[in-house]
Amino acid sequence: MVRNNAPDVVMPTCTPPTLLKGQKALITGANSGIGRGIALAMGQAGADVVVNYVADEGAAHEVAAEVKATGSNAIAIKADVSKEDQVEAMFKTMFDEFGTIDILVNNAGLQRDAAFDEMTLADWQFVLDVNLTGQFLCAREAVREFKRRGVVSEVSCAAGKIICISSVHEVIPWAGHANYAASKGGIMLLMKSLAQETAPYRIRVNSIGPGAIRTPINRGAWATSEAMERLLTLIPYNRIGETADIGRAAAWLASDQADYVNGTTLFIDGGMTLYPGFATGG
Ligand code: BGC
């Protein structure tokens, strides 16, 4: 039998509308990229969504409108996740509007790339502050509310779910990106330590480790055909990821379908973490 080993990609776009029915989700950095993809997928799955943003208010309101078009409720809230007072104010606004939180997606993150000996302390600090401290501050507020409220069995078998958006670079070293890779490695043990500590309260904490997903953060890696060709040598599955790939998985991971999944990283990377260089070498 002749098999076509490069079939057309058929991308499923929808998530079952009842997966997260009645749940309240906060997604940080949801005005673009992976955060937007997760906000749309969670809205489609029936969750009401807070679209957090720090810049580009217009885009955040557009995402909220797109979520509303799925039939779920949505509001946009501005907050810098690296600032304690802004994070506390954001959660307060969410509780005033939606009553509580069931799902936190710690997605906000950025890169400030530089050769190691040229990296400034400001480059280092900025990335650690947003990518790692931001996840700590938001997770702390969520855990406080999950513990206060406990399980509401009509809503979910868990008291709360946290999804940390990490990266393949929590395990793949990345020259020229030491600050970013250090932040993602830090997220891995933040996530696991928190999962261990809060599991007895029926709080589930997991990470998603995306590979190369077509978003503005890595435009340079896919925007030209030469760059795309180079990128695909790192991806055994031979296509770039789309934000919907991450959105669908996040909706599932936050749902009761994944109730026994705790303290793990789900890599969604087309096999980038499989050491593709070894497919023919070694
Ligand atoms: C980075 C992207 C990169 C991808 C794969 C992500 O975490 O933000 O810039 O393309 O990892 O290397």
Side-chain angles (χ1 to χ4, degrees), residues 27-39 52-56 59 81-82 105-116 118-119 123-135 138 163-191 206-250 253 264-279:
I27 296 132
T28 65
N31 54 302
S32 77
I34 288 175
R36 173 177 173 272
I38 294 172
N52 159 257
Y53 67 100
V54 68
D56 203 349
V81 295
S82 70
V105 183
N106 264 333
N107 167 74
L110 46 80
Q111 293 180 211
R112 284 290 178 280
D113 312 327
F116 192 74
E118 283 162 17
M119 189 174 283
D123 289 336
W124 172 267
Q125 202 72 60
F126 187 40
V127 169
L128 270 291
D129 280 354
V130 173
N131 294 12
L132 187 56
T133 306
Q135 295 217 6
C138 292
I163 298 176
C164 301
I165 301 303
S166 178
S167 165
V168 291
H169 298 296
E170 77 169 40
V171 291
I172 301 179
W174 206 13
H177 307 75
N179 48 0
Y180 183 83
S183 73
K184 297 300 183 177
I187 288 168
M188 177 179 62
L189 276 176
L190 168 65
M191 177 277 286
N206 292 285
S207 288
I208 287 178
I213 310 298
R214 193 195 309 267
T215 69
I217 205 174
N218 59 358
R219 181 175 298 279
W222 52 261
T224 64
S225 50
E226 301 76 46
M228 182 65 99
E229 207 174 302
R230 256 196 326 274
L231 180 64
L232 292 180
T233 65
L234 300 174
I235 308 172
Y237 205 59
N238 209 32
R239 73 165 170 87
I240 191 169
E242 305 295 344
T243 57
D245 288 313
I246 307 299
R248 277 193 307 274
L253 191 53
T264 199
T265 298
L266 174 59
F267 289 105
I268 304 176
D269 64 352
M272 195 175 238
T273 40
L274 296 175
Y275 299 96
F278 278 79

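Both counts, for ligands and for their atoms, begin at 1 and track the order of listing. This structure is a prediction, so every number in the text was calculated from the model and none was measured.
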Inset, instruction - Please tell me if the side chains of Arg112 and Val130 come closer than 4.5 Å, counting only heavy atoms from C-beta onward. - result: no

Inset, instruction - Sort out the contact shell of ligand 1: every protein residue with a heavy-atom distance below 4.0 Å, listed by chain and number. - result: Gln111, Ser167, His169, Trp174, Tyr180, Gly211, Ala212, Ile217, Asn218, Met272

Inset, instruction - Begin from the C-alpha positions of Thr28 and Cys138 and carry the test side chain to side chain contact (heavy atoms under 4.5 Å, CB included) through to its verdict. - result: CA-CA 9 Å; Thr28 65; Cys138 292; 4.0 Å; yes

Inset, instruction - Report the distance from atom CG of Leu274 to atom CG of Asp269, rounding to the nearest 0.5 Å. - result: 6.5 Å

Inset, instruction - Using atom types as modelled and distance alone, determine if a side-chain donor or acceptor of Asn179 lies under 3.5 Å from a backbone N or O of Leu128. - result: no

Inset, instruction - Determine yes or no for a side-chain-to-main-chain donor-acceptor pair under 3.5 angstrom, with Asn131 supplying the side chain and Lys184 the backbone. - result: no

Inset, instruction - Indicate the ring-plane relationship of Trp174 and His169, choosing parallel, tilted or perpendicular according to the 30° and 60° boundaries. - result: parallel

